[in-house]
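The structure appears below as structure tokens.
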Amino acid sequence: MNATASVRKAAALAAVVPFAIALMFALVLTVAPAANAATATQPVQFSEDGIHWSDSYSGALFGGVLLVPGDSVDRALYVRNNAGQPAAMRVTLYDVATTDTDLADAMTVTTSTPSIPGSAVPGTAAQPCATLSQGQVLAAGDGIRLDNVVALADLNGTTAQAHSVSFKLAISLSSTD
């Protein structure tokens with residue numbers, strides 16, 4: 001095994017895509033900028049359109065969306081393997097924080113690729129994290145569309161109103177050997 005493969009086996013965590021959700025008679029989703037600094041050596045690159053790539057994600061994936069109980073929203077994000085070797089991708093839900101457990105339990109997050117459908121994972125399942133997607137192998141230089149869905153199940157009466165939940169997504173690549 002060469003040094004590059006050893007470094008890649010160390011699970012190159014490339015970005016954290018944070019999300020914030022608040023419920024005040026409706027669910028409002030916003031996305032804060034990614035916290036990590038961009039460098040030219042990042043193995044994972046991001047794009048909102050699949051054409052223009054960046055070493056970090058600084059967009060607002062769910063910014064400005066209004067989501068009410070029983071509703072959902074789907075947003076695409078493109079990921080590319082910027083490393084010189086094939087890599088397996090993983091998307092992880094983590095750092096879920098809420099002021100109401102009923103709200104976090106009613107909210108689900110799903111990440112799918114064109115070839116691997118995702119399963120809806122409740123916010124409360126991320127203790128401390130939950131895998132949303134794994135196993136997609138990207139060849140060196142290949143990109144893929146990630147369909148991300150946040151849904152809010154029906155809630156009874158005023159349950160979870162004036163409460164909030166926030167979470168982050170980590171997207172990582174690791175060696176296939």
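Bear in mind the structure is a predicted one, so any value in this text is a computation, not a measurement. Values below: every heavy atom of this structure, side chains too, minus hydrogens, waters and symmetry copies. Starting from 1, each residue takes its place in the sequence as its number.
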Look at the side-chain heavy atoms of Ile, Leu, Val, Met, Phe, Trp and Tyr, link any pair under 4.5 Å apart, and say whether Tyr78 and Leu169 land in one connected group.
no
Interatomic distance, CG@Leu173 vs CD@Gln42, rounded to 0.5 Å, equals 10.5 Å
Keeping Asp100 on the side-chain end and Ala104 on the backbone end, is there a donor-acceptor pair under 3.5 Å?
no
Between Leu146 and Ile171, does a side-chain contact (heavy atoms from CB on, under 4.5 Å) hold up when you go through it step by step?
CA-CA 11 Å; Leu146 301 181; Ile171 299 171; 4.0 Å; yes
Quick check for you: to the nearest 0.5 Å, what is the distance between Leu103 atom CG and Thr159 atom OG1?
10.0 Å
Any donor-acceptor N/O pair, Asn148 side chain to Ala76 backbone, under 3.5 Å:
no
Under 3.5 Å, sequence neighbours excluded: what are the donor-acceptor pairs made by side chains of residues 127-140?
from, atom 1, to, atom 2, distance (Å)
Gln127, NE2, Thr124, O, 2.8
Gln134, OE1, Arg90, NE, 3.2
Gln134, OE1, Arg90, NH2, 2.6
Gln136, OE1, Thr113, OG1, 3.0
Gln136, OE1, Ser115, OG, 2.8

Find the distance between CE (Met107) and CG (Leu152) and round it off to the nearest 0.5 Å.
8.5 Å
If we ignore hydrogens and angles and just use 3.5 Å, is the side chain of Ser112 paired with the main-chain N or O of Pro117 as donor and acceptor?
no
Using modelled atom types only, decide if a donor and an acceptor are shared between the side chain of Asp102 and the backbone of Asp105 within a distance under 3.5 Å.
no
Do Ser119 and Thr110 have side chains that get closer than 4.5 Å, going by heavy atoms?
no
Would you check, one step at a time, whether the test side-chain contact (heavy atoms from CB on, under 4.5 Å) holds for Phe167 with Val150?
CA-CA 11 Å; Phe167 63 92; Val150 174; 3.9 Å; yes
So does Ala88 get a backbone contact from the side chain of Thr176, meaning a donor-acceptor N/O pair under 3.5 Å?
no
Would you indicate whether the side-chain heavy atoms of Tyr57 and Glu48 approach each other to under 4.5 Å?
yes
